[in-house]
Every structure is written in structure tokens, then in C-alpha cells.
Amino acid sequence: MEVTLNLENTSSKDISIMVDAFRASTSITLALGKFNEVIPTFTPEKAKKLAKEKNGILAGERMGKALEGFDMGNSPVEINELNTKLKTLILTTSNGTRILENMKSTVLIGCFINAKAVAKKSLILAKENNYNHIDVVMAGWKGNFAIEDFLASGEILYWIQKELCENHTIGEDFDISEYAQSAILASRDYKKLKEVIYNTKSSKRLKKLGYEKDIELSLKKNINNNVAIYNEGVLKLFK
Ligand SMILES: O=C(O)[C@H](CS(=O)(=O)O)OP(=O)(O)O
Ligand SMILES: [Mg+2]
């Protein structure tokens, strides 16, 4: 079993865990507690068209700001407070949903709030399908490194490493890349982690737009067991 970490593009044909802590992964994870399915689109135009066809809630942002004519932006707090009978959420975001387009492996969605759950599910999926490569893929910001995704990936990788160490021998049965090991090490001091993330460009941009509560919620560790799996263009709960 090979466990790696990448930015934006996956190196695995087996399993990729897309990590966009602020905010697409957190939004999708919480949305699957409200909706049967989340359909990510790569453009706002496609999102509008699909929302009509599917009679779904239309959610999306660019640069953090809710898109004109949409029902809502990409706020996990707002998604969590939704009260709707509709069963489909259409979501288009600047980074997280966009990078799904090029992923040819089985894709799970990870973030701080479901880190332990997505780590466990990825190993179950690997075992069931005889997969040998789990790649954690940071969404970043417009192709650039974003520390919140690095540290959220570190939390997910910590649980993958813990599970593997309990049942296997490192270096013989599995290998964790040095990049992935760096994320695990960097994510261990939770107090320091929150301090650093609250002062990032992403946090400053979201605070300026009035989304401070999204930052707070997205940084909570392991409060939710929803794990989304991406199949034929649709995100559903991986049961
Ligand atoms: O909606 C978000 O939080 C971000 C946009 S930005 O980084 O705030 O500009 O999109 P995401 O695709 O969730 O990273
Ligand atoms: Mg983001």
C-alpha cells in the first residue's frame, strides 16, 4: 500500500481523497446529511442548467462570494442550517469541485470534520477492491498551496497511518511518502494549527466576506462521519 500527498492533481488510479477544508469538502460532507446527492459542476452556467433539470438547490461561489442568481454560496454553516425537502444540491466552487474533473480514480471527500471517518473508509475501500495507492489531494487555491488543506490532509493521513501501523509493518506492507509524513507531523499541534490557519489568506478572505463561522466549523476535528464518494459525476454517501 502506497500513501501519498499531492496538490490539485492525483497520482493514483486507485483512490484519491479530495481535501478542500475551506470550504467545499466541509460543505459537501455536511450537505450529505441534508440531501441524497450533491452534483459538483465546473462552471456556474452548468450549475444553473442542472439545478433546473434536477429541481435542486443551487449553491456556488467564486473568490468566496456567492454567485449572482444562486440560492446560496458555499457556506457549510448555511448548508447545515438548511431546511428543505429537495433532495439534490448542485454545487460549483473555485477550487474543490473544479479539481474533481480530472480525477480518474475512485474519489472520496475529506476535511477536518470527517478526517477519521474518511481515513477508515479509504482503507476499507482499498481492501475490498485490492487497491494499492491512496493519494490525498489538496485542492489549494487556484493551483497554489493552501496550508489549511495541507493540515487537514495531515489529520486524515494521521488516521490512515495509525490504522496501517496497527495491522501492518511500515516499509514492508506499506509506505507513506515524506510529503505525507510532513503533513502528519505539521498537523499534530491543534492549538498552533488553528492559530496559523486563522491568519492565512483564505481565512482573511472569508472573514472579510463575513464567513468567520465557516472557519470555526471547518476547523472542528472529527465531528461528522459522512464520507462522500464520487461516481459518474455525482457525490453520494459512501455507506
Ligand atoms: O468558497 C471557498 O471557501 C473557496 C473560495 S476562496 O478560497 O475563499 O476564494 O472555494 P473552495 O473551492 O471551497 O476552495
Ligand atoms: Mg478551499
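Whatever order the structure lists ligands and atoms in, that order sets their numbers, starting from 1. What's counted below: heavy atoms across the whole structure, side chains too, no hydrogens, waters or symmetry copies.
A salt bridge links K49 with E53: the closest approach of a Lys/Arg side-chain nitrogen to an acidic carboxylate oxygen falls below 4.0 angstrom. With salt bridges taken as basic N to acidic carboxylate O contacts below 4.0 Å, none links K142 and E8. Ion pairing between a basic and an acidic side chain is recognised when a charged N comes within 4.0 Å of a carboxylate O; E155 and K221 show such pairing. For K192 and E195, the salt-bridge test passes: some basic side-chain N is under 4.0 Å from an acidic carboxylate O.
Under the 4.5 Å side-chain heavy-atom criterion for ILVMFWY residues, no single connected hydrophobic cluster contains both M103 and Y131. Connection of I184 to V118 is established within a shared hydrophobic cluster, with ILVMFWY side chains joined at heavy-atom distances below 4.5 Å, either directly or through further cluster members. One hydrophobic cluster holds both V136 and L219 under the rule that ILVMFWY side chains link at heavy-atom gaps under 4.5 Å.
Taking a cut-off of 2.8 Å, the protein N, O or S atoms nearer than that to the Mg ion (ligand 2) are D20 OD1, F22 O.
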Would you please test I134 and L123 for side chain to side chain contact (heavy atoms under 4.5 Å, CB included) and show each step? CA-CA 8 Å; I134 297 174; L123 290 166; 3.8 Å; yes

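Just one of N102, T4, D135 meets the side-chain hydrogen bond (donor to acceptor under 3.5 Å, both in side chains) condition when paired with T10; it is D135. Checking each of C111, P76, S202 against R23 for a side chain to side chain contact (heavy atoms under 4.5 Å, CB included) leaves exactly one that passes, namely P76.
Atom CD of E178 sits in a sparse spot, with 12 or fewer heavy atoms from other residues, nucleotides or ligands closer than 6.0 Å.
Residue-ligand proximity: A139 is placed with every non-hydrogen atom at 4.0 Å or more from ligand 1.
Where the criterion is an N or O separation shorter than 3.5 Å, residue side chain and backbone included, F22 meets it with respect to ligand 1. No N or O atom of G140 sits closer than 3.5 Å to an N or O atom of ligand 1. Polar contact check, T93 against ligand 1: a nitrogen or oxygen pair lies under 3.5 Å apart.
R205 NE, 3.3 Å is the protein heavy atom nearest to atom 8 (O) of ligand 1. In this structure, the protein non-hydrogen atom closest to atom 10 (O) of ligand 1 is E61 OE2, 3.1 Å. Protein heavy atom nearest atom 2 (C) of ligand 1, with residue, atom name and distance: R23 NE, 3.4 Å. In this structure, atom 11 (P) of ligand 1 lies nearest to the protein heavy atom D20 OD2, 3.0 Å.
Counting only distance, with no hydrogens or angles, the side chain of K236 and the backbone of A228 share no donor-acceptor pair below 3.5 Å. Between the side chain of N226 and the backbone N or O of T29 there is at least one donor-acceptor pair closer than 3.5 Å.
The distance from ligand 1 to the heavy atoms of A24 drops below 4.0 Å at these ligand atoms: 13 (O). Every atom of ligand 1 is numbered from 1 in the order shown, and the set under 4.0 Å from a heavy atom of L206 is 3 (O), 8 (O). Atoms of ligand 1 lying under 4.0 Å from at least one heavy atom of N95, given by number and element, are 7 (O), 10 (O), 11 (P), 12 (O), 14 (O). Residue M63 approaches ligand 1 through these ligand atoms, each under 4.0 Å from one of its heavy atoms: 9 (O). Taking every non-hydrogen atom of G64 and a distance limit under 4.0 Å, the qualifying atoms of ligand 1 come out as 5 (C), 6 (S), 8 (O), 9 (O).
At a heavy-atom distance under 4.0 Å, only side-chain atoms of W141, from C-beta outward, approach ligand 1. Contacts between T97 and ligand 1 below 4.0 angstrom, taking non-hydrogen atoms only, are absent altogether.
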